[in-house]
Amino acid sequence: MLKLYNTLTKKVEEFIPIDPNEVKFYVCGPTVYDYFHIGNARSFIMADMVRRYLEYKGYKVKFVMNLTDVDDKIIKKSLEEKREAKDVSTDYINAFFEDITKLKIKKATVYPKATEHMHEMIDMIKKLVDKNYAYNIDGNVFYDVKRFSEYGKLSGKNTEELEVGARIDANEEKKDPLDFALWKKAKEGEPFWDSPWGKGRPGWHVECSAMSCKHLGETFDIHAGGNDLIFPHHENEIAQSEAANQKPFVKYWLHFGFLNINEEKMSKSLGNFFTARDVLKKYSAEAIRMFFAQAYYRGPLNFSDDLLTAAEKGLEKINNLVDKVNSEIKKNNSGIKPEFEFNSYYKKFEEAMDDDFNTSQAVAVIFDFVKDVNRVVAPLDNVDVSFYNDVKTFLTKTAENVLGIVDFNKTTTGDDKLTNDLIELLIRLRTEAKQNKNYQLSDSIRDRLKELGVILQDSKEGTTYKIGK
RNA sequence: GGCGCUGUACCCAAGUGGCUUAAGGGGAAGGUCUGCAAAACCUUUAUUCGUCGGUUCGAAUCCGACCGGCGCCUCCA
């Protein structure tokens with residue numbers, strides 16, 4: 001039984017999809033005005049793990065992630081760079097797909113773009129205006145927060161206290177400082193679309209309401225995003241969708257904790273961020289995912305090189321077994337098949353993930369599994385290939401398909417045959433040198449190869465190699 | 001000021017009333033293997049869970065007070 005923490009009720013609840021045949025899952029995607037940073041990546045990756053686990057459980061998942069391609073920041077960048085907003089967003093959409101592919105994030109079912117849903121957004125705003133939830137002032141349309149009595153139910157804020165709060169910017173045009181823009185009148189030189197209220201563009205919040213409604217329906221199962229979206233973004237989405245459709249908007253709200261640097265939130269505005277693509281230059285997708293998986297998705301997490309390196313080192317332990325399994329399967333030996341309770345590891349893995357996606361616990365189960373496999377195999381000379389097939393199946397289903405921290409197809413040997421053969425030749429020469437007790441030569445071969453990134457590993461069965469980064 | 005999260009070993013981090021004499025990873029120490037080394041593998045590493053009280057047969061886990069860290073309340077994953 002899968003349980004998850006619902007921000008709306010502030011409780012851990014049993015997950016029961018509205019339609020038992022298909023889970024409808026929406027995640028707030030990027031505003032494409034820049035590369036996304038490793039903190040954004042945390043949300044994308046954790047949402048990906050949730051989605052993959054739902055699939056592991058046998059659910060069909062319709063996974064929707066929006067691309068915000070009309071926005072103040074995009075316009076600003078396009079003015080700075082003196083080119084079309086469209087070109088800016090197209091470039092960063094392409095970059096976004098490059099990065100998530102490298103991070104081994106599964107593709108969404110749909111990536112709706114704001115610019116391709118003008119009609120739906122205008123329709124929704126019309127509905128809100130008709131129902132008196134919105135008002136038009138000289139081409140700017142605002143949502144009338146006072147009209148929606150449940151405003152604040154997600155974030156636990158009440159409207160009176162919000163108004164007391166000093167930091168709300170009082171827009172001279174709005175009836176109430178809490179009201180937010182549904183349609184913004186176009187200024188000179190800005191991209192615009194025609195609407196019943198004149199030329200302009202939609203506000204950010206209405207985008208997610210309109211697009212999720214189109215692709216997932218008026219009520220759907222899971223809506224996820226970073227903690228900072230709870231207010232006002234998700235609160236506003238609820239206000240819009242529920243007022244327009246007169247139906248509950250989302251059943252389960254999932255929010256991800258921040259990635260911090262020196263105990264401080266990583267963010268574009270603070271300037272203390274690393275882009276995902278820069279981090280990927282130094283660490284593998286598996287290491288990055290491992291780092292995130294080792295912490296609970298809702299809590300804060302500190303980012304540093306040391307912590308990434310620690311995750312990477314831990315991963316090596318699992319990868320050593322992956323390499324061994326791959327080579328044993330290639331050898332296809334028959335022999336003893338050791339007793340091993342695979343089922344108990346599946347069960348423990350599922351218990352961990354069922355408990356509000358306790359990936360940290362799930363990773364611990366993987367480590368225990370690896371340790372126990374090594375222990376069982378250590379004293380045996382001849383292990384049957386069927387055992388390694390079972391090991392591979394377990395790791396594929398859990399570590400590879402759900403967590404994405406392992407890749408059985410990643411080769412640690414040379415990509416092409418010539419490289420392979422040349423290294424094998426050097427290994428043979430070194431072995432001969434060793435047999436002749438010419439250790440000076442054998443060590444020199446080992447050291448020179450290491451300088452080239454080829455690491456030799458001696459063992460009872462002979463010397464193997466792997467190509468480091 | 002309001003709302004929410006959080007304080008567990010040298011570091012990261014699960015656990016939230018008895019199944020735990022507190023998972024897992026990194027680091028450190030010892031061992032097996034080795035010509036040496038590396039890698040690999042094995043073993044060890046918190047009588048204690050921010051502090052002080054309370055509830056209970058029993059608490060890291062519940063309650064209260066206090067101390068500290070963070071986030072949201074403005075665009076932000």
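We use all heavy atoms of the structure for the numbers below, so side chains are in, but hydrogens, waters and symmetry mates are not. Each chain gets a letter, A, B and so on, in the order the sequences are listed, and its residues count up from 1. Please read these numbers as outputs of a predicted model, since none were measured by experiment.
- When the P atom of B:rC75 is taken as reference, atom CZ of A:R201 falls 14 Å away, rounded to whole Å.
- As a whole-Å value, the separation of A:Y296 OH from B:rA13 C1' is 14 Å.
- A cation-pi arrangement is present between A:K268 and A:F273 under the rule of less than 6.0 angstrom and at most 45 degrees off the ring axis.
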**Request:** Apply ring pair (Phe, Tyr, Trp, His ring centres under 6.0 Å) to the pair A:F96 and A:F44, showing each step before the final yes or no.
**Result:** CA-CA 11 Å; A:F96 169 76; A:F44 299 153; 5.8 Å; yes
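- Across all strands, A:D71 comes closer than 4.0 Å to no nucleic acid atom at all (heavy-atom distances).
- A:F258 comes within 4.0 angstrom of a nucleotide base, judged by non-hydrogen atoms across all strands.
- For the pair A:R298 and A:Y5, the cation-pi test (distance below 6.0 Å, angle within 45°) is passed.
- Not a single donor-acceptor pair, N or O on each side, falls under 3.5 Å between the base of B:rA39 and the side chain of A:D458.
- Protein atom CG of A:D228 is 21 Å distant from nucleotide atom P of B:rC3, rounded to whole Å.
- At the heavy-atom level, A:K10 lies under 4.0 Å from the strands shown only through sugar-phosphate atoms.
- Atom-to-atom, CZ of A:F256 to C1' of B:rU6 comes out at 19 Å; the value is rounded to the nearest Å.
- A donor-acceptor contact under 3.5 Å is formed by the side chain of A:K157 with the base of B:rC72.
- Residue side chain A:T464 does not reach the base of B:rA39 through any donor-acceptor N/O pair under 3.5 Å, judged by distance alone.
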**Asked** What would the secondary structure line of RNA chain B be in dot-bracket form, counting Watson-Crick and G-U wobble pairs under 3.5 Å, with [ ] for pairs that cross earlier ones and | for pairs with another strand?
**Response** ((((((((.[[[..)..(.....]]]((((((.......))))))....[[[[[..)....]]]]])))))))....
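- When each of A:Y56, A:Y53, A:Y345 is tested with A:E350 by the rule side chain to side chain donor-acceptor pair (under 3.5 Å), just one qualifies, namely A:Y56.
- The side chain of A:N374 approaches B:rC42 more closely than any other nucleotide in the set B:rA14, B:rC42, B:rG35.
- Counting non-hydrogen atoms under 4.0 angstrom, A:L259 reaches a base of the nucleic acid.
- As judged by a 4.0 angstrom heavy-atom cut-off over every strand, A:G152 is placed among residues making no nucleic acid contact.
- Remark: A:K106 fails to qualify as a cation-pi partner of A:F63 under the 6.0 Å distance and 45° angle criteria applied to the six-membered ring.
- Whole-Å rounding puts the A:Q294 CD to B:rG25 C1' distance at 5 Å.
- Rounded to whole Å, atom C1' of B:rC42 lies 17 Å from atom CZ of A:F367.
- Heavy atoms from other residues, nucleotides or ligands lying under 6.0 Å from CD of A:E451 number more than 12.
- Between the CG atom of A:L308 and the C1' atom of B:rA13 there is a distance of 15 Å, given to the nearest Å.
- Using cut-offs of 30° and 60° on the angle between ring planes, the pair A:F369 and A:F342 is tilted.
- Rounded to whole Å, the distance from CD1 on A:I230 to P on B:rG71 is 15 Å.
- At a cut-off of 3.5 angstrom, the base of B:rG35 holds no donor-acceptor pair with the side chain of A:N438.
- In the interface, the side chain of A:R446 is paired with the base of B:rA37 through a donor and an acceptor atom under 3.5 Å apart.
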